[in-house]
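Whatever order the structure lists ligands and atoms in, that order sets their numbers, starting from 1. For clarity, every value in this text was computed on a predicted model and none was experimentally measured.
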Amino acid sequence: MFTPATYIQRRDHLKKLVGSGIIFFPGNNESPRNYPAEVYKFRQDSSFLYYFGLDFPGIAGLIDIDNNEDILFGNDRDLDDVVWMGPDDSMKDKAKAVGVEKTYEFGQLKNHLNKAKSSGRVIHFLPQYKHDLLFLFEDLFGIHHSKVKENVSELLIKSVIKQRSIKSDDEIAQMEQALDISLKMNLLAMRFTNPGVKEKEVYGAVEGMALAMGNGTSFPIIFSVHGETLHNPFHENLMQDGQIALLDSGAESELHYASDITRVFPVNGKFSEIQRDIYNVVLNSQLGAINMIRPGVSFRDVHLTSAKIIADGLKTVGIMKGNVDDAVANGAHALFFPHGLGHMIGLDVHDMEGLGENFVGYDDDIKRSDQFGLAYLRFGKKMMPGYTLTIEPGIYFIPQLIKNWREKNKHSDYINYDKLDGFLSFGGIRIEDDILVTEDSFKILGQPIPKTVEEVEETCNS
Ligand code: GLY
Ligand code: MN
């Protein structure tokens with residue numbers, strides 16, 4: 001946990017941003033897996049963690065702005081709980097640890113909210129993504145669970161995003177802790193990957209590393225020789241000589257801050273010539289993008305520059321042709337780079353995505369495009385010091401997408417379709433790091449993780 005003063009300061013800042021009324025933050029509950037008592041690994045809600053820090057189920061927080069009061073609702077463990085789960089501190093003591101003096105039994109929450117409602121006070125809350133909480137809202141506020149989303153507070157959403165977007169030194173230290181784990185996860189995968197090893201053997205070992213060193217993974221691990229499937233959930237392939245494997249993975253630190261790193265490595269320890277060439281196009285694009293990071297620059301411009309480096313590199317390889325600026329303006333590169341350059345990262349791997357991607361990544365100046373590829377850019381607006389973002393360009397050869405575009409002769413001024421026959425089993429390459437926007441430029445967070453062709457090959461063979 002951070003110090004009590006940290007949580008008090010965060011809540012006080014939020015009070016100023018929202019101005020008046022009551023802010024309601026429900027914590028998450030246990031989620032049943034295959035029957036009620038068999039549950040998924042518990043993960044607290046990130047905004048609850050940010051303002052109230054407590055990392056267990058069955059609690060809720062209220063910030064009463066008008067009376068300058070912070071309250072936590074939750075129950076002490078009873079004797080049955082102690083028998084099954086062991087002893088624990090009282091709610092009072094847990095609340096004190098995050099600077100909250102006032103606590104009530106969870107059952108008191110409804111009375112409290114009813115009183116506030118009947119005296120005409122505004123109760124602000126964020127969008128909800130857990131079904132049990134939607135039903136709790138129905139019970140507490142008399143709003144049908146399907147209508148909760150229509151009653152969220154845009155003022156609260158924007159205030160929370162404003163606050164959580166700027167990371168403090170303590171938060172950066174947590175992200176660096178997650179990145180220390182990422183380094184170990186990536187070294188393990190590069191060394192363990194070999195012809196004849198199953199993807200899921202590496203997947204399981206990497207997940208074990210995240211669990212052993214921190215709080216598990218920050219999202220389901222993507223590990224596949226079919227890196228062209230962007231979020232490939234399948235890990236059953238037997239890896240073969242000549243293939244490349246893509247690992248997109250992240251860990252959660254002690255306080256649940258995320259890392260998100262992608263590396264690609266040759267299964268047999270040595271890239272072929274064409275694999276190396278495509279790899280270096282992606283690497284140039286990633287480095288070119290990172291070098292543009294600074295306050296005041298729009299991330300959409302960084303995305304478009306990285307796309308141009310990709311189009312230019314693919315032109316050199318003979319896959320693309322024509323004027324690079326025009327190709328990217330028309331979206332032709334998206335056949336190979338169909339996703340966004342990156343996203344905010346913090347307590348969530350896609351930070352605050354549950355509050356609304358457009359609130360996080362766009363504003364009145366920069367609106368989301370609907371062009372294929374660019375439309376998937378989660379974050380486009382101008383950067384500010386303290387923002388933390390991923391930079392993750394890629395090149396993918398997706399046979400079904402190539403077939404679809406080819407049949408339509410789409411963007412044939414810019415794409416040499418005949419050249420693509422030899423790439424249908426190539427797979428995909430993405431290279432991802434996590435960066436901090438500083439006062440005048442950027443910092444790549446964490447210790448270096450092997451990234452150049454030489455570093456990656458050396459690690460694979462070490
Ligand atoms: N690392 C997965 C993603 O950024 O979507
Ligand atoms: Mn990512």
Colleague: Evaluate the salt bridge (charged side-chain N to carboxylate O under 4.0 Å, His left out) criterion for residues R263 and D433: first the C-alpha distance (whole Å), next the side-chain angles of each, then the deciding distance (0.1 Å), finally the verdict.
Modeller: CA-CA 9 Å; R263 291 292 185 268; D433 285 303; 3.0 Å; yes
Colleague: Below 2.8 Å, can you find an N, O or S atom of E392 next to the Mn ion (ligand 2)?
Modeller: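 True for E392.
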Colleague: Please report which non-hydrogen protein atom sits nearest to atom 2 (C) of ligand 1, along with the residue it belongs to and the distance in Å to one decimal place.
Modeller: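 I find the closest protein heavy atom is D248 OD2, 3.4 Å.
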Colleague: Does H350 bring an N, O or S atom to within less than 2.8 Å of the Mn ion (ligand 2)?
Modeller: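 It does not: H350 brings no N, O or S atom closer than 2.8 Å to the Mn ion (ligand 2).
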Colleague: So which heavy atom in the protein is nearest atom 3 (C) of ligand 1, and how far is it from that ligand atom?
Modeller: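 The protein heavy atom lying closest is H350 NE2, 3.1 Å.
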Colleague: Should you measure from each heavy atom of E392, which atoms of ligand 1 turn up under 4.0 Å away?
Modeller: 4 (O)
Colleague: D260: which N/O/S atom is nearest the Mn ion (ligand 2)?
Modeller: OD2
Colleague: So among H256, H343, R164, which one has a side-chain hydrogen bond (donor to acceptor under 3.5 Å, both in side chains) with D348?
Modeller: R164
Colleague: Numbering the atoms of ligand 1 from 1, which are under 4.0 Å from a heavy atom of F219?
Modeller: 1 (N), 2 (C)
Colleague: For Y396, run the side-chain hydrogen bond (donor to acceptor under 3.5 Å, both in side chains) check against E228, H226, H339 and tell me which one passes.
Modeller: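 Testing each of E228, H226, H339 against Y396, the sole residue satisfying side-chain hydrogen bond (donor to acceptor under 3.5 Å, both in side chains) is H339.
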Colleague: Evaluate the criterion side-chain hydrogen bond (donor to acceptor under 3.5 Å, both in side chains) for residue pair Y257 and D351; output intermediate values, then yes/no.
Modeller: CA-CA 10 Å; Y257 283 80; D351 210 22; over 6 Å; no
Colleague: One thing to verify: whether K381 and D364 come together as a salt bridge, which I'm taking to mean a side-chain N less than 4.0 angstrom from a carboxylate O.
Modeller: no
Colleague: Mark the output for H339 as yes if a heavy-atom distance to ligand 1 is under 4.0 Å, and as no if none is.
Modeller: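 Under 4.0 Å: no for H339.
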Colleague: Please lay out, stage by stage, how F137 and F24 fare under the test ring pair (Phe, Tyr, Trp, His ring centres under 6.0 Å).
Modeller: CA-CA 11 Å; F137 273 67; F24 174 45; 5.4 Å; yes
Colleague: What angle, in degrees and rounded to 10°, do you get at the Mn ion (ligand 2) when you join it to NE2 of H343 and to OE2 of E432?
Modeller: 120°
Colleague: Are H303 and Y376 close enough, and set up right, to give a ring pair (Phe, Tyr, Trp, His ring centres under 6.0 Å), and what steps lead you there?
Modeller: CA-CA 11 Å; H303 169 92; Y376 293 125; over 10 Å; no
